[in-house]
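Data first, discussion second: the structure below is written as C-alpha cells.
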Number of protein chains: 2
Amino acid sequence: MSGSGKPDTLAEAQDRFIAVWGQMGGAWGITRTMAEVHALLYVTGGPLCTDDVMDRLQISRGNASTSLRALLDWGVVSRTHKRGDRKEYFVAEQDVWTMFRAIVRERIKREVDPLLASMHEIRELTEPARRAAGLAAEERALVEAHNERLDQLLEFLTTVERLGHRFVSPAGRGLQAAATLLASKVAG
Amino acid sequence: MSGSGKPDTLAEAQDRFIAVWGQMGGAWGITRTMAEVHALLYVTGGPLCTDDVMDRLQISRGNASTSLRALLDWGVVSRTHKRGDRKEYFVAEQDVWTMFRAIVRERIKREVDPLLASMHEIRELTEPARRAAGLAAEERALVEAHNERLDQLLEFLTTVERLGHRFVSPAGRGLQAAATLLASKVAG
DNA sequence: CATTCATTTCTGAATCTTCTGAAACCAATG
DNA sequence: CATTGGTTTCAGAAGATTCAGAAATGAATG
C-alpha cells in the first residue's frame, strides 16, 4: 500500500464505479469506452481535459476525443475553459435527473421517432389492400389481423413517445416528482 | 409480380416490419436475429416451428434454436404443440403491454439489480474512510463529495427499480393506465 | 429398446465494431 | 504569418459478436 492508504480507497472506488458504469453502457447500446469516460467525469466531478481522460483510462487520443464529442452530442457533458489555458476541459452534468432527461430525449430522437416513422409507413402499405375489391374473405381477414397488430404497436409507441416528451419538457419536473412518489414505499 | 399482387403486399409489410424491428433490437442490447425472430412471430401471429423461422428468415438451425430459446427466457414467446405433430411451435405474446412488462421485468433483473448491488458495494468502500481520523480536511471533503454523488445515483436507481416493480406487478395495470393518461394529449 | 425425428450445443469462419496512432486540421499567439 | 499547442479525422489493426453447419443429445413411438 502506498501513502497513507486512504486516498487510494477513493481512487479504487472511482475505478470500480467506472468499470461498472462502462459495463452497463455496453448493455444499453453505447460503447463501453464512452460510458467509462462519462463515469470518470461524473465521479470525479471536476473539469478534466483530453489528456486527463487518456491517462486515467489508458485510451488513445482519438478514442478519447471521439467519446468526449459523443457525450457532448448527447448533452450529458459540457465544455469549460480555464483562464490562461488554451485546453478544453469537460464536465459531466451533476444532477442525475437532468442527466437522465438528456438521455431520454436523445434516445427518443434517435430510436423511437425513426421507428415510429417506419412503422407508419409499413402500416400504410396494407391500407389499400384492406379496401381492395376482389379479395378472398380469408385474405382480407389476414390483412385485418395484421393491421390490428400494427395499430396496437403504433398506439403503444405513440404513448411512449408522448410520455417521454412530457418527462423531458420543462414540466418534466412534475413527472419526476410523480415518479418518485409512485415508487416510494408508502404510496399505495 | 406473382399471383393477384395483393397477398405479396402483406408479405412485404411483414418483411419490412421484421427488418425495422430487428434493427431496433440491435440498438437495445439484444441481437438483431433475436429481435427478427420475435418480430416474425409477433407479426404473423400464428404458431411457427423452427423450420418455419429458418425458412422465412434464412438463418441456420442453430441460430434459430438459440434465438427461440432466448425469447422463451425473456418470457415474450411461449411454446405450443399441434395434435399429432411432434414438433414444437412458438407463439409471441400478442398484447403489447404484457410484452413490454415482460421486457421491463427482465431488464431490471439482468441489469438494474446487479448494477444496484455493485453500486452499494462501491459506496461502502468509502464509508470507513469518511470516519477515519487523521485525514486532511481537503481529503475528507473529497470523499464526502464522492459519497454524495454516489448517493444521488443510488437514490435514482432505487427509484427506477421500485417504479419498475410497480409496473411489472399485478397492480401494474393501474400504472399502465396512469401512463396512458399522462401521455394523452388532453391531460394537463 | 431400437429407431426416428426434433432440439440443443459447439466450433471455426465471417462479419461487424471499436481502437490506435499518425496525419491533417484549426486557432491562438508572438 | 510562422509557430506552437490543441483537436479532429481516418485507415488499418485488434478484438468481439454473430452465424452456419455438424455433431451430440434428448424424447417419443412402435
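Quantities reported herein were computed from a predicted structural model and do not represent experimental measurements.
- Looking at which nucleotide of DNA chain D each of A/Arg69 and A/Arg86 is closest to, the 5′-most match is held by A/Arg86.
- Closest-nucleotide positions on DNA chain C for A/Arg61 and B/Arg79 were compared, and the one nearer the 5' end corresponds to B/Arg79.
- The CG atom of A/Leu68 sits 15 Å away from the P atom of D/dG6 (whole-angstrom rounding).
- Atom CG of B/Asp85 and atom C1' of D/dA28 are 12 Å apart (whole Å).
- Distances shown here put every side-chain N or O of A/Ser60 at or beyond 4.0 Å from the OP1 or OP2 atom of C/dG21.
- Spacing between atom CE of B/Met54 and atom P of D/dA22 amounts to 11 Å, rounded to whole angstrom units.
- Residue B/Ser65 is the one, among B/Ser65 and A/Gln58, whose nearest nucleotide of DNA chain C lies closer to the 5' end (criterion: closest heavy atom).
- Taking the ring centre of B/Trp74 as origin, the terminal cationic atom of B/Arg110 falls inside the region bounded by 6.0 Å and 45° from the ring axis.
- Between the CG atom of B/Asn63 and the P atom of C/dT7 there is a distance of 15 Å, given to the nearest Å.
- Side-chain proximity of A/Glu88 to D/dG6, D/dT29, D/dT7: nearest is D/dT7.
- Regarding B/Lys87, its NZ atom lies at a distance of 17 Å from the C1' atom of C/dT8, rounded to whole Å.
- Distance, A/Asp51 CG to D/dT7 C1': 11 Å, rounded to whole Å.
- A donor-acceptor pair is defined here as one N or O able to donate and one able to accept, closer than 3.5 Å; such a pair exists between the side chain of A/Tyr42 and the backbone of B/Arg149.
- Remark: P of D/dA16 and CZ of B/Arg32 are 21 Å apart, rounded to the nearest angstrom.
- Annotation: cation-pi geometry satisfied between B/Arg107 and A/Trp28 (NZ/CZ under 6.0 angstrom from ring centroid, within 45° of ring axis).
- Counting any heavy atom pair closer than 4.0 Å across all strands shown, A/Ile59 reaches sugar-phosphate atoms only and no base atom.
- What separates CE of B/Met34 from C1' of D/dT17 is a distance of 15 Å, to the nearest Å.
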Before giving the answer on side chain to side chain contact (heavy atoms under 4.5 Å, CB included), spell out for B/Lys87 and B/Lys82 the whole-Å C-alpha distance, their side-chain angles and the decisive distance to 0.1 Å.
CA-CA 8 Å; B/Lys87 273 204 286 290; B/Lys82 285 185 180 172; over 6 Å; no

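- Once rounded to the nearest 0.5 Å, the distance linking OG1 of A/Thr126 with CZ of B/Phe17 reads 12.0 Å.
- Between B/Thr33 and D/dC19 there is a side-chain polar atom (N or O) within less than 4.0 angstrom of OP1 or OP2.
- Within 4.0 Å of A/Thr31, counting heavy atoms only, lie sugar-phosphate atoms of the nucleic acid but no base atom.
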